[in-house]
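Structure record follows, encoded as structure tokens.
Letters go in sequence order (proteins before strands), and every chain restarts at 1.
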Amino acid sequence: MLGTAPKYTIAELEKKFPPRDLPVGAMVTRFAPSPTGFMHIGNLYGALIDYKLAQQSGGVFMLRIEDTDTKREVVGAVDVVKNAMRRFGFEYNNDEKYGPYYQSQRKDIYRSVAAELLRNGRAYPCFLTADDMEKIRSEQSAAGFATGIYGEFARDRDIAPDEIIKHLDNGEVPSIRLYSTGNPNARIFCKDAVRGSIGFPENNEDLVLIKSNDGLPTYHFAHLCDDHFMRTTHVVRGEEWLPSLPLHYQLFRMMEWTPPVYIHTATLDKIDEDTGKQRKMSKRKDPECNVAFFLENGWPTDAVIEYLGNILASGYEEAKLKGVVKNFWEYEMKPKKIPMSGGLFDMKKLEWWAKEYIGAMTVPDLVRAVTDWAKEYGDDKQKMQVADLEYLTAVLAIERDNPKRVRKDFITWKQTLELVEFFWDDLFVPNREYKYNTDVLNAFLETFDIADDKDTWWNKIVEIANRFGIKNGDVAMDLRVALSGRTNTPDLYSIMQVMGKARVTQRIKATL
RNA sequence: GGUCCCAUCGUCUAGCGGUCAGGACAUCGGAUUCUCAUUCCGGUAACAUGGGUUCGAUUCCCAUUGGGACUGCCA
């Protein structure tokens with residue numbers, strides 16, 4: 001029925017993948033995405049929990065590719081995942097002893113376990129076609145029954161051996177279904193690490209274990225085999241898996257294996273701009289739910305981690321503010337404290353984390369981060385901005401010398417470069433709307449000396465203001481707009497120092 | 001329809017029977033010898049509703065309402 005004889009017995013598999021030799025309390029986790037070519041921010045959130053749990057407990061974090069859906073295969077999809085892991089600093093340890101880590105390469109294992117189930121009557125070959133099932137489903141819903149292949153609706157549940165041979169001779173390939181003995185009137189209690197014990201009706205559906213079209217396992221069966229033999233201790237997954245928890249308990253119980261600890265995470269939501277209502281982040285409508293969005297727009301990956309980390313361990317923020325820990329990796333999260341109610345993804349708060357993060361960087365680190373980003377993702381303008389490292393450094397160093405009073409207007413690498421565009425002559429946009437006081441500008445030019453220290457420089461401005469009977473600020477504003485084209489800028493003195501004498505006089509003269 | 005999950009300021013949350021219901025973001029004021037930003041100070045703002053249990057409920061139980069998930073040979 002499985003085409004070939006099983007490669008292993010259960011005992012052989014147990015020996016091949018022995019329990020891990022790890023200290024007590026060490027958690028073994030895995031990030032197990034299906035390679036769709038798109039990584040959702042929710043995936044990253046889950047992976048962060050996995051990685052963090054393993055990291056803080058001295059355990060193992062694995063990356064397992066769930067490529068059992070041949071129909072949804074996307075080329076390059078695995079690279080998207082691996083790139084994200086690297087960018088966000090999630091180091092996985094795929095010890096080959098417990099591999100392979102592509103489910104498509106683990107057929108031997110699934111088939112061996114399935115063979116055992118077939119042998120002891122816990123599973124059976126099912127020759128129902130898609131049409132058959134569609135018919136069953138419509139009849140069930142018409143009659144008001146629950147849909148699915150179960151009990152009397154499971155035609156091949158007790159199929160006779162000669163019937164099987166007949167189908168096989170006919171060239172039909174069966175799927176392998178669970179022979180469920182669950183009683184829907186009885187209750188099974190399952191455990192979720194944050195929600196506690198949850199009662200469900202026992203599962204009576206003969207779910208597919210091995211698909212007929214490609215011989216690959218369904219998620220449920222792969223989860224059973226992989227997380228058992230990879231010796232996963234903690235399974236972190238989205239709450240959409242909660243309803244299949246009784247099935248998974250049933251599967252593990254049937255094999256007499258110990259199920260892992262389950263942690264079901266709430267989905268990240270957002271407010272729909274059109275309806276004003278809360279909803280799940282969607283791939284199509286919300287670019288910011290794509291991890292690639294954060295990379296392409298130059299969000300500091302560590303700030304994204306800090307933000308997500310604070311969501312999943314709400315005490316982190318306070319610990320950091322108090323100086324108890326320096327970053328999220330130093331903070332010990334508690335699995336029980338992972339929020340179970342859906343959270344809104346708050347871009348404003350992410351921005352705050354990003355501002356704080358960049359504000360705490362040294363100038364050389366900031367320059368490097370911005371430069372690296374521009375080289376990979378920037379446009380021609382941005383690449384030009386990072387070409388002269390010395391000038392870029394001077395620009396980004398403005399008002400960063402006093403650690404207690406660092407500017408916090410940089411949010412992303414991209415936005416940082418946009419904010420300082422006026423420092424480059426090619427990108428500078430003169431302000432033609434502003435009504436300049438040319439007398440003031442001329443007066444400034446007369447006494448301007450780039451070598452002046454800040455006090456001398458300021459006293460000259462005060463002197464001009466007095467002479468024209470206007471406020472100091474008005475003089476400064478004329479200069480500010482002439483130099484930057486903007487009414488809001490960092491410290492004027494610093495700007496002039498960075499721009500240099502020639503550029504300052506040239507820009508002022510150009511407005512006269 | 002059935003099953004399951006969830007519910008404290010606008011947002012994320014602390015709380016685990018007795019608190020002036022705390023913090024952070026956002027927001028609104030005020031101060032900081034040039035705008036903006038920063039920094040500091042201060043303010044507005046929440047226990048969805050109805051029943052119980054209890055001397056006492058944000059907290060425990062049950063309904064209701066609201067939000068969400070699942071109900072595929074997708075994960």
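- You'll find the side chain of A:Q497 stays beyond 4.5 Å of the side chain of A:K454, heavy atoms only.
- At a threshold of 4.0 angstrom between heavy atoms, the contacts of A:F200 are confined to the sugar-phosphate backbone, with no base atom among them.
- A:Y262 places its OH atom 16 Å from the C1' atom of B:C4, with the value rounded to the nearest Å.
- Note: A:F31 and A:Y92 fail the aromatic proximity criterion, with ring centroids not under 6.0 Å apart.
- A close approach under 4.0 Å does not occur between any side-chain nitrogen or oxygen of A:R177 and OP1 or OP2 of B:G72.
- A:P33 comes within contact range of no nucleotide atom at all, as no heavy-atom separation falls under 4.0 Å.
- Residue contacts for A:E399: at a heavy-atom cut-off of 4.0 Å it reaches a base atom on one of the strands shown.
- The CG atom of A:N203 sits 5.0 Å away from atom CG of A:L247, with the distance rounded to the nearest 0.5 Å.
- One P atom belongs to B:U8, the other to B:U13, and the distance between them is 9 Å to the nearest Å.
- When both pairing distances are held under 3.5 Å, B:G29 makes a Watson-Crick or G-U pair with B:C41.
- The aromatic rings of A:H248 and A:H220 sit tilted, their planes meeting at an angle between 30° and 60°.
- Within 4.0 Å of A:K336, counting heavy atoms only, lies no atom of the nucleic acid at all.
- From A:R30, atom CZ reaches atom CE of A:M62 across 7.5 Å, with rounding to the nearest 0.5 Å.
- If you check every strand for non-hydrogen atoms under 4.0 Å, A:I198 touches sugar and phosphate atoms only.
- Pairing each heavy atom of A:F221 with each of A:A114, the nearest pair is CZ-N, 3.8 Å.
- For A:T147 and B:G72, the shortest distance from a side-chain N or O to OP1 or OP2 is below 4.0 Å.
- With hydrogens and angles left out, the side-chain atoms of A:R237 and A:H264 include a donor and acceptor closer than 3.5 Å.
- With P as the reference atom, B:A63 and B:C20 are 33 Å apart, rounded to whole Å.
- At whole-Å resolution of the value, OH in A:Y434 and P in B:C36 are 13 Å apart.
- With both pairing distances under 3.5 Å, B:U3 is matched to B:A69 as a Watson-Crick or G-U wobble pair.
- No salt bridge links A:D346 with A:K348; every basic N to acidic carboxylate O contact stays at or beyond 4.0 Å.
- Residue A:G359 is classed as having no contact, given no heavy-atom separation below 4.0 Å to the nucleic acid.
- At the heavy-atom level, A:K71 lies under 4.0 Å from the strands shown only through sugar-phosphate atoms.
- Side-chain atoms of A:K460 and A:D449, non-hydrogen and from C-beta on, do get closer than 4.5 Å to each other.
- A:E66 comes within contact range of the sugar-phosphate backbone alone, with a heavy-atom separation under 4.0 Å but no base atom that close.
- Residues from residues 400-413 of chain A placing a heavy atom under 4.0 Å of any atom in RNA chain B, listed by number, are A:K404, A:R405, A:V406, A:R407, A:K408, A:D409.
- The distance from atom CD1 of A:I65 to atom C1' of B:A75 is 13 Å, rounded to the nearest whole Å.
- Using N1 to N3 plus N6-O4 or O6-N4 for Watson-Crick, or N1-O2 and O6-N3 for G-U wobble, each under 3.5 Å, B:G50 pairs with B:C62.
- The partner of B:U35 is absent, by the rule that a Watson-Crick or G-U pair needs both atom distances under 3.5 Å.
- Residue A:S34 is classed as a sugar-phosphate contact, given heavy-atom separations below 4.0 Å to backbone atoms only.
- Residue A:M340 contributes atom CE, which lies 15 Å from atom C1' of B:G67 at whole-angstrom precision.
- Taking atom C1' on both nucleotides, B:G10 is separated from B:A26 by 8 Å, rounded to a whole Å.
- In this structure, A:R64 forms no cation-pi arrangement with A:Y102, as its terminal cationic atom is not both closer than 6.0 Å to the ring centre and no more than 45° off the ring axis.
- Between A:Y434 and A:Y436, the two ring planes are perpendicular [angle over 60°; tilted spans 30° to 60°].
- For A:K348, the side-chain atoms get nearest to B:A26 when compared with the rest of B:C70, B:G15, B:A26.
- Side chains of A:D214 and A:T70: a donor on one and an acceptor on the other come within 3.5 Å.
- Using atom C1' as the reference point in both B:G42 and B:U32, the two lie 15 Å apart (nearest Å).
- Within the 4.0 Å cut-off from OP1 or OP2 of B:C74, at least one side-chain nitrogen or oxygen of A:K211 is found.
- B:A24 atom C1' lies 12 Å from atom OH of A:Y307, rounded to whole Å.
- Comparing B:A45 with B:U3, their P atoms are spaced 42 Å from each other, to the whole Å.
- The gap from the C1' atom of B:C61 to that of B:U53 amounts to 7 Å, rounded to the nearest Å.
- Rounded to whole Å, the distance from CG on A:D474 to P on B:C36 is 13 Å.
- If you check every strand for non-hydrogen atoms under 4.0 Å, A:N213 touches a base.
- Spacing between B:G18 and B:U58 at atom C1', rounded to whole Å, works out to 12 Å.
- A:E463 has its side chain out of reach of A:W458: every pair of non-hydrogen atoms, C-beta onward, lies at least 4.5 Å apart.
- A donor atom on one side chain and an acceptor atom on the other are not found under 3.5 Å apart for A:T456 and A:N459.
- Between the C1' atoms of B:C12 and B:A7, the separation comes to 14 Å (whole Å).
- At a non-hydrogen distance threshold of 4.0 Å, A:M133, A:R137 from residues 130-138 of chain A come into contact with RNA chain B.
- Within the nucleic acid shown, A:S141 has no heavy atom closer than 4.0 Å to any nucleic acid atom.
- Contact check of residues 479-495 of chain A against RNA chain B (heavy atom, cut-off under 4.0 Å) returns A:R480, A:T487, A:N488, A:T489, A:P490, A:D491.
- Note: NE2 (A:H220) to C1' (B:C74) measures 9 Å, nearest angstrom.
- One atom, NZ of A:K349, and another, C1' of B:U27, lie 14 Å apart when rounded to the nearest Å.
- A:D226 is listed as a side-chain neighbour of A:Q103, based on a closest heavy-atom distance under 4.5 Å.
- Using N1 to N3 plus N6-O4 or O6-N4 for Watson-Crick, or N1-O2 and O6-N3 for G-U wobble, each under 3.5 Å, B:C20 pairs with nothing.
- Checking the phosphate oxygens (OP1, OP2) of B:U39, no side-chain nitrogen or oxygen of A:K355 falls inside 4.0 Å.
- Side-chain N/O atoms of A:T218 include none lying less than 4.0 angstrom from OP1 or OP2 on B:C74.
- No contact: A:W353 has no heavy atom under 4.0 Å from any strand.
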